[in-house]
Protein chains: 2
Amino acid sequence: MARNGTDGATVGSDETLFAIIEQLRERDGAGVTELAAGLGLAKSSVHKHLRTMVEHGYAVNRDGTYHVGLEFFRAGEYARDRYDIYHAAKDPVDDLAAETGEMAWLIVEENGRAMYLYGSRGDAGVSVEAIVGTWRHLHVNSGGKAILAHLPDDEVERILDAHGLPARTENTVTDRGELRAELDRIRERGYAVNRSEDLHGIHAIGAPVRHDGAVRGALAVAGAARRLARDDREADLAERLLTATDDVEVNLAYQ
Amino acid sequence: MARNGTDGATVGSDETLFAIIEQLRERDGAGVTELAAGLGLAKSSVHKHLRTMVEHGYAVNRDGTYHVGLEFFRAGEYARDRYDIYHAAKDPVDDLAAETGEMAWLIVEENGRAMYLYGSRGDAGVSVEAIVGTWRHLHVNSGGKAILAHLPDDEVERILDAHGLPARTENTVTDRGELRAELDRIRERGYAVNRSEDLHGIHAIGAPVRHDGAVRGALAVAGAARRLARDDREADLAERLLTATDDVEVNLAYQ
DNA sequence: ACTCTTGTTCCCCTACAGCGAACGTGTTTC
DNA sequence: GAAACACGTTCGCTGTAGGGGAACAAGAGT
């Protein structure tokens, strides 16, 4: 039915569903014909999926175009709230952003990828909203590297096997040996550094949040390379960052 | 395959998928066996769905138990951000909560139901997070009634046909004629009132946000019945509420 | 060492997901 | 203003893959 060849054992209809969602997002809403053409499916098949989704709130038909529905928002809020580190880190991240005047982030790992769970920015601005809720490879940002550095070795290997080390900029670490060496340095130093490895002109430092001997996520401070590159600035930010992660760990300990 | 009898034309596998998500949420994470038993499906079927979901980030396997995945958070953030009223109303809602010291809400309608898109609370507190991202019937809260009052008559009828007028408390309006009369009053008065119709001891007032001649959502102020019941308080809150909706409408007009 | 319970894999079978065509409705075009 | 078009929706048919059951592996508890 679906075009999956040797996936192991997955449900093709589910994959079609996910593909429709993806298309709805990419096209910012679309009609049945457009979706069917884009996915190489029959109009009737797409229609049946959409009807099912609408019935459950996962899609809406607004003025003749289908859109991603707010049931996803409901499920998404639940998925985020499930992380107690989110509740423990919210205030510390806000404080960190206010103190430093830079952007501050909470990052967690799931299925070997990094997700920005929460963000705050000293001088307001909407740019935070564009990042929260997006995936990254763990190796391209400071928070992700901080997490990797404190994950069991075999899990790190599994993650690298599954997702590889694709480059985002010319500074991205793309070599396993190099990455492993850097993870050692991160463990010694206590925090990770990102020098334009994800986005040009953006530097960041990130530190892990640990609880019960396992990494639960990471906090990061990010800002313009020009400002963060100075050594004394890095030391100051690192100091404040580690204080913030301490706060989160305390919050986690006391629920 | 799925047990849907006379649904019209929906995809059974999709419904199974949604049912699994629902179960994962209700049980706060679960194993294959538990899910299969709860849904009356074979373990192998549930497993196949879960594998597909994990592959796409819609589920995670943490320590042997499956959970709702953060891909839902990604899609949910997108679904929320799609509403420009969200961006237009965020600050006004915060201001409204700060000014009044009560809880302030942004509510939108989708598929005939009300969704709390954003909330703010004067004196902090996490209670807001439990409400944001949840559905309500339109007739049980002030924001929903304000929306209903400004929807075309035929659409109101369709919504009532589809969702009915179930009671949440003994104060809920459950009669169509009564509701229609109240919608008239709301249009005259400019705002809607909720007197413990959704939750005992909680009163609220809500006003519509309109743009291009159509309702785009509603703001509401809610608080303890004891405080809000006084007539002078209602007048004061209504004044501030309507100022806030004006602000949102201005923000919408200027993008 | 034994049992019990779990997640996972394998394979068969038939229900249904996907298709194509037909239908209805609204919009554009000349 | 009617004809051509494009769209969403509905309707049966058909072959494939979704679901079931059993077997397997891997821990956990006794």
K.L.:
Please report, rounded to the nearest Å, how far the C1' atom of D:dG18 is from the CG atom of B:Asp14.
P.N.:
12 Å
K.L.:
Round to the nearest Å and state the distance from A:His49 atom NE2 to C:dG18 atom C1'.
P.N.:
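So the two atoms are 8 Å apart, to the nearest Å.
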K.L.:
Please report, rounded to the nearest Å, how far the C1' atom of C:dA17 is from the CD atom of B:Glu15.
P.N.:
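Atom CD in B:Glu15 sits about 13 Å away from atom C1' in C:dA17.
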K.L.:
Out of D:dG19, C:dC19, D:dC7, which nucleotide sits closest to the side chain of A:Ala42?
P.N.:
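The listed nucleotide nearest to A:Ala42's side chain is C:dC19.
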K.L.:
Heavy-atom count around B:Asp153 CG within 6.0 Å, excluding the residue itself: above 12?
P.N.:
no
K.L.:
Check every atom of D:dG19, D:dG18, D:dG8 against the side chain of A:Ser13 and return the nucleotide holding the closest atom.
P.N.:
D:dG18
K.L.:
Reading DNA chain C 5' to 3', what string of ( ), [ ], | and . shows its pairs, if Watson-Crick and G-U wobble pairs count only when both distances fall under 3.5 Å?
P.N.:
|.|||||||||||||||||||||.||||||
K.L.:
Return the 5'-most residue of the pair A:Gly31, B:Lys48 with respect to DNA chain D, ranking by each residue's nearest nucleotide.
P.N.:
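Looking at DNA chain D, the more 5' nearest nucleotide goes with A:Gly31.
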K.L.:
Can you confirm whether B:His150 sits close enough to B:Arg216 that some side-chain heavy atom of one is under 4.5 Å from a side-chain heavy atom of the other?
P.N.:
no
K.L.:
Roughly how far apart are B:Leu106 CG and B:Tyr83 OH, rounded to 0.5 Å?
P.N.:
10.0 Å
K.L.:
With sequence neighbours excluded, tell me which residues meet salt bridge (Lys or Arg N to Asp or Glu O under 4.0 Å) with A:Asp161.
P.N.:
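Counting only residues at least two positions away or on another chain, A:Asp161 forms a salt bridge (Lys or Arg N to Asp or Glu O under 4.0 Å) with A:Arg176.
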K.L.:
Is there a donor-acceptor pair under 3.5 Å between the side chain of B:His139 and the backbone N or O of B:Pro166?
P.N.:
yes
K.L.:
What's the NE2-C1' distance between A:His47 and C:dA22, to the nearest Å?
P.N.:
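One finds 15 Å between C1' of C:dA22 and NE2 of A:His47, rounded.
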K.L.:
Counting only non-hydrogen atoms, which of residues 20-28 of chain B are less than 4.0 Å from DNA chain C?
P.N.:
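Result for residues 20-28 of chain B: none.
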K.L.:
Within less than 4.0 Å of OP1 or OP2 of D:dG8, is there a side-chain N or O belonging to A:Thr33?
P.N.:
yes
K.L.:
Name every residue in residues 58-69 of chain A that has at least one heavy atom under 4.0 Å from any atom of DNA chain C, in order of residue number, or write none if there are no such residues.
P.N.:
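Listed by number, there are none.
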K.L.:
I need the full list of ring pair (Phe, Tyr, Trp, His ring centres under 6.0 Å) pairs touching residues 14-43 of chain A, with sequence neighbours left out, sorted by first then second residue.
P.N.:
A:Phe18-B:His56, A:Phe18-B:Tyr58
K.L.:
Taking 4.0 angstrom as the limit, do A:Lys48 and B:Glu15 come out as a salt bridge?
P.N.:
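Salt bridge: no.
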K.L.:
State, to 0.1 Å, how close A:Val215 and A:Ile147 come at their nearest heavy-atom pair, and which atoms those are.
P.N.:
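Shortest heavy-atom contact: CG2-O, 3.9 Å.
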K.L.:
Whole-Å distance between C:dA17 P and B:Leu17 CG?
P.N.:
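For the pair B:Leu17 CG and C:dA17 P, the rounded distance is 13 Å.
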K.L.:
What string of B, S and - do you get for nucleotides 22-30 of chain D, 5' to 3', if B is base contact, S is sugar-phosphate-only contact and - is no contact with any protein heavy atom under 4.0 Å?
P.N.:
---------
K.L.:
Is the shortest distance from a Lys or Arg side-chain nitrogen in A:Glu77 or A:Arg80 to a carboxylate oxygen in the other one below 4.0 Å?
P.N.:
yes
K.L.:
Round to the nearest Å and state the distance from B:Leu35 atom CG to D:dG19 atom P.
P.N.:
14 Å
K.L.:
Should the pair B:Arg189-B:Glu182 be classified as a salt bridge under the 4.0 Å nitrogen-to-oxygen rule?
P.N.:
no
K.L.:
Is it true that A:Arg25 and B:Glu71 make a salt bridge, defined as a side-chain N closer than 4.0 Å to a carboxylate O?
P.N.:
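Salt bridge: yes.
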K.L.:
Between B:Ala192 and B:Ile186, which heavy-atom pair has the shortest distance, and what is it?
P.N.:
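Taking B:Ala192 first and B:Ile186 second, the nearest heavy atoms are CB-CD1, 3.6 Å.
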K.L.:
Let me know the distance between CD of A:Glu34 and C1' of D:dC7, rounded to the nearest Å.
P.N.:
12 Å
K.L.:
Any side-chain heavy atom of A:Tyr116 sitting closer than 4.5 Å to one from B:Leu70?
P.N.:
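The answer is no, as the side chains (C-beta and beyond) never meet within the 4.5 Å cut-off.
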K.L.:
Would you indicate which nucleotide in D:dT10, C:dC19, C:dT6 comes nearest to any side-chain atom of A:Arg51?
P.N.:
D:dT10
K.L.:
So if I take every side-chain heavy atom of B:Ser45 and compare against C:dT6, D:dG20, D:dG8, which nucleotide ends up nearest?
P.N.:
D:dG20
K.L.:
Roughly, in whole Å, what's the span from CG in A:Leu41 to P in C:dA21?
P.N.:
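About 16 Å, once rounded to whole Å.
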K.L.:
Is it true that A:Glu109 and B:Arg62 have a side-chain N and a carboxylate O under 4.0 angstrom from each other?
P.N.:
yes
